[in-house]
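Everything below concerns the one structure shown next.
Values in this document were obtained by computation on a predicted structure and should not be read as measured data. Starting from 1, each residue takes its place in the sequence as its number.
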Amino acid sequence: MLEVLRDAGTRGLEIYDAGRKDRRVSIRSGGGLAWRRALAAYPVCAAIALALAAVGPARAQEPEPSPSPSPSTSPSLAPREAPPESSAIDRIEVQGETLGELADATSFATVIEIHQQAEEFKTVAQVLSETVGLQVRSFGGLGDFATVSVRGASAGQVRIYFDDVPLTRARSDTVNLADLPLEPLARIDVYRGVTPLSVGASALGGVINLVTKDPGEEPTVALLFGGGSFGTRQGSVTTSTRRGDLGFLGSFNYLGSEGDFPFDDDNGTPLNPFDDERVRRENNQFNSGDAILKAIWDLSPTSRIVGLNELFINEQGVPGIGALTSKDASLYDFRNLSYVRFESDDTGSLPEEIDSTLFFIYEEERFTDLMGDIGPGNQSSRNRSFAGGANVHGVQPLGAHLLEARLDVGGEVFVPRNLLDPEPQDPNQSRISFNVGVGDTWSLLEDSLLLDGQLRYELASDDFGDITIPSGEIVDAPTGGTNQLFTPRLGARWLPWNELALKMNVGRYGRIPSFFELFGNRGFVLGNPNLKPEQGVNVDVGFEARPLDWGFLTRSRGEAVFFWRSVDDLIVLEQNSQQRSIFRNLASAEILGVELSAATVLWENLGVTANYTYQDARDESGGAADGNQIPGLPRNEGYARIDWDRWDAVPFYELIFASGNFVDTRNLREIPSRTVHTLGLRYTLPRTPLTLTFEALNITNNQIEDVAGFPLPGLSFFGTVAYRWVGAT
């Protein structure tokens, strides 16, 4: 976590990273703006693999993180400084390690720095669930399908990126959080309700960007092994080195579990308690592996080329709901993501800063359900998608303005195949996208007031073969369609004094329908090629308090935000017969809420962090569910953590609370409120780089569900052993 401690002179700030006791960084700025330089790119594969063969040896222990609250709020909060000689907005230079610089100074955002989370047996889904404004829904335990909602937006309205490369696909806007690795990450950037120009397309709910680690200046090796209840096991190896202007990093990670946790089964009759029984989850095993190879070539002190290849493989059983378990259904996932990126902070011409990226993604999914336990009838399918793109992003200071522009072009081809169909190949579906965005950040009143205006234009052109139209008829003639979006946004940040930032954002955002919504699956879900894009207005206003010291309270911070969203042409799935359903633009929704977060360190050793999110998400469609709460979105959600870092042993306690969550549009069935307690202990052996962690999750053995019919584990135990070296150069 980054926290501004004090002015370091009229041209700089001193930053304290609360995740590391020994890390302070100077930031030089003429205008008090923090601008992130990022963009994504294209294949690298073999060259990185050969380079990583030379990864260096191990080294001494990395400093132990302090008990500071994490995640942090936006580190872009800069105090008002004395008037500089020029009113120009200069770029900010961070000296030292990359510390989570955000791309948008007016947004309400969170930087989640990844330190010891993997040692505490957390996943990306668990880390996001502890973040203010985010709600995670899990369809089971560890390794099962999980999605994230931001401020009440549906999972499809949240865009997820991996090093700024879009993981959100045209086939389906929903990204499975269980497929995302945690150990190779340096941080996770979360933008709530806004979309910065550092990414390629607008999002109704917000943006989540997973940022991988860079090779360090010295060779490193990190080993992590662990296991726990229900046959769970974990292992990872991360190593990096530098050879002159070249840096290399490799990360190899495995996670698996039998997933056979006990749960209370009501046998599908919730009103009849006499047939309830305690059983174990069946066919819930999984094995997943992830390998990342990354290379950086420093062309000059201000420019570099970055290349990365990520390979993910997962095999798992698909048990279905608890009352009707499938014992044979299975799923296989494969993903290969590659990019090459050029970055320059000082080109010596226009624009002054530029990023350019090429990327390619191949994904394959195989689903088998020969007994017909999951969905309508027997199934055996293999779906493949090919996606690629290029983008250019430039930033140019001009007087009191910071101008920004971005151009994205890309395409995706989805190739479905029903292996049980006599015709071996289903029609392909493809999309070509073109996005352009411009922005201007204007500094006023000696940099105490920032005005940020942005405008995006997005175009998607679809082409597909025969489809199932709303009547159920198969149309053989090739068809297609084009959708366009204009998404303007205005943000403001005012510093009435050094310790406080007031922020406000208003913008119009949209989401173009996915292939699944447009084309269906030629089964029980019908496509609707006449769907219009979802569009909505997002508004938020609130404050961020910079870290302060008050007696025994140190590094204290806080945030309070009110948000409101109205969405039109909401895409919903309606059942029009016993066998078929269809997507339609029928509903609208209105969501308002409050986000509160605070953190402090007491007596320099006791870290305390807490957040609370209230949201009132209402269906405004005018139908039978008009005025009801949208299902799957808890009205109240909270998180708190306390850890005591005084000696080599660090005990910690975590609390997660949720209530007011309905499972149906009529609001007839409400998931009971839940409170989950976790106790843990992290111990670092004296004079060694060995850290042992043990934790007990859900110590009250609370029987809980995120989604009706999909049970989550009760009391469970996990432990890890981490060994990290840092070698002398």
### Query
Where do L655 and T675 land on the side chain to side chain contact (heavy atoms under 4.5 Å, CB included) test, with the steps shown first?
CA-CA 7 Å; L655 167 70; T675 304; 3.1 Å; yes

### Query
Under 3.5 Å, is there a donor-acceptor pair between the side chain of N661 and the main chain of G632?
yes

### Query
Going by heavy atoms in the side chains, are D173 and Q157 under 4.5 Å from each other?
no

### Message
Is it true that N636 and Y612 share a donor-acceptor pair across their side chains at a distance under 3.5 Å?
### Response
yes

### Query
So E364 and R366, salt bridge (Lys or Arg N to Asp or Glu O under 4.0 Å) or not? Walk me through it.
CA-CA 7 Å; E364 181 175 335; R366 301 176 190 174; 2.6 Å; yes

### Query
How long is the gap from CD on E363 to CZ on F334, to the nearest 0.5 Å?
10.0 Å

### Task
Please check if the side chain of R281 supplies one atom and the backbone of G259 the other of a donor-acceptor pair under 3.5 Å.
no

### Message
Side chains of S251 and N253: any donor to acceptor distance under 3.5 Å?
### Response
yes

### Summary
Closest non-hydrogen atoms of A178 and D144, given as atom of the first, atom of the second and distance, are CB-O, 3.4 Å

### Message
Using side-chain heavy atoms (C-beta onward) and a distance below 4.5 Å, is S716 in contact with N698?
### Response
no

#### Entry: Stepwise side chain to side chain donor-acceptor pair (under 3.5 Å) test for N336 and N309
CA-CA 7 Å; N336 192 87; N309 190 81; 3.2 Å; yes

### Message
Assess the residue pair D265 and R278 against the criterion (salt bridge (Lys or Arg N to Asp or Glu O under 4.0 Å)); give the C-alpha distance rounded to whole Å, side-chain angles, the decisive distance to 0.1 Å, and a yes or no.
### Response
CA-CA 6 Å; D265 183 7; R278 186 80 171 170; over 6 Å; no

### Query
Do the non-hydrogen side-chain atoms of F121 and T232 ever get within less than 4.5 Å of each other?
yes

### Message
Tell me whether the rings of F360 and F386 are parallel (<30°), tilted (30 to 60°) or perpendicular (>60°).
### Response
tilted

### Message
If I take atom CG from residue N284 and atom CZ from residue F261, how far apart are they, to the nearest 0.5 angstrom?
### Response
5.5 Å

## Note on the structure
Rounding to 0.5 Å, atoms NE2 (H677) and OG1 (T700) come to a distance of 5.0 Å

### Reported OH-to-CG distance for the pair Y161 and D189, which is rounded to 0.5 angstrom
13.0 Å

#### Entry: S288 (side chain) donor-acceptor with L255 (main chain) under 3.5 angstrom
yes

### Task
Determine yes or no for a side-chain-to-main-chain donor-acceptor pair under 3.5 angstrom, with D163 supplying the side chain and T212 the backbone.
yes

### Message
The test is side chain to side chain contact (heavy atoms under 4.5 Å, CB included); show your working for N611 and T131 and say whether it passes.
### Response
CA-CA 8 Å; N611 64 65; T131 305; 5.8 Å; no

### Message
For the backbone of T325 and the side chain of N283, can you confirm whether one donor and one acceptor N or O come within less than 3.5 Å of each other?
### Response
no

### Task
Taking all non-hydrogen atoms of both residues into account, name the closest pair between L633 and S149 and its distance.
CD2-OG, 3.6 Å

### Query
Does Y254 reach the side chain of N287, with side-chain heavy atoms less than 4.5 Å apart?
yes

### Task
Verify, without hydrogens or angle tests, whether R618 (side chain) and G627 (backbone) share a donor-acceptor contact under 3.5 angstrom.
yes

### Task
Using the side chain to side chain contact (heavy atoms under 4.5 Å, CB included) rule, take D569 and Q535 through it: C-alpha gap first, then chi angles, then the decisive distance, then the call.
CA-CA 7 Å; D569 294 321; Q535 297 194 62; 5.6 Å; no

#### Entry: Nearest atoms (heavy-atom pairs only) where T613 meets G133
OG1-N, 2.9 Å

### Query
For the side chain of S257 and the backbone of F230, is there at least one donor-acceptor N/O pair under 3.5 Å apart?
yes

### Query
If you round to the nearest 0.5 Å, how far is CD1 of I160 from CG of L128?
7.5 Å

### Query
What do the steps show when you test R192 against T110 for side chain to side chain donor-acceptor pair (under 3.5 Å), and what is the final call?
CA-CA 8 Å; R192 309 191 301 274; T110 303; 2.8 Å; yes

#### Entry: side chain to side chain donor-acceptor pair (under 3.5 Å) involving E517 - partner list, sequence neighbours excluded
R511, S514

#### Entry: Nearest heavy-atom neighbours spanning I591 and A153
CD1-N, 4.4 Å

### Task
Decide, yes or no, whether a salt bridge links R169 with E412 under the criterion of side-chain N to carboxylate O below 4.0 Å.
yes

### Query
So how far is it from N483 CG to I512 CD1, rounded to the nearest 0.5 Å?
5.5 Å

### Query
Is there a donor-acceptor pair under 3.5 Å between the side chain of N176 and the backbone N or O of A146?
yes

### Query
Would you call Q117 and E130 a side-chain contact if the rule is heavy atoms closer than 4.5 Å?
no

### Query
Would you find a donor on one side and an acceptor on the other, under 3.5 Å apart, between the side chain of R233 and the backbone of G231?
yes

### Task
List the steps and the verdict of side chain to side chain contact (heavy atoms under 4.5 Å, CB included) for V158 and I208.
CA-CA 8 Å; V158 179; I208 297 173; 4.1 Å; yes

### Task
Please assess E654 against K122 for the test salt bridge (Lys or Arg N to Asp or Glu O under 4.0 Å), listing each intermediate value before the final yes or no.
CA-CA 12 Å; E654 292 183 335; K122 293 185 184 295; 2.9 Å; yes

### Task
Check whether any side-chain heavy atom of V127 lies under 4.5 Å from a side-chain heavy atom of V124, and answer yes or no.
no

### Query
Is a donor on one side and an acceptor on the other found under 3.5 Å between the side chain of D616 and the backbone of L592?
no

### Query
Once the angle between the rings of F139 and F710 is folded into 0 to 90°, is it parallel (under 30°), tilted (30 to 60°) or perpendicular (over 60°)?
perpendicular

### Query
Quick one: are N314 and R335 in side-chain contact, heavy atoms under 4.5 Å?
no

### Task
Please examine the side chains of D264 and D276, heavy atoms only from C-beta on, and report whether any two atoms are closer than 4.5 Å.
no

### F263 to Q703 - nearest heavy-atom pair and separation
CA-OE1, 3.5 Å

### Over all atoms of both residues, closest heavy-atom pair of L182 and A118
CD2-N, 4.0 Å

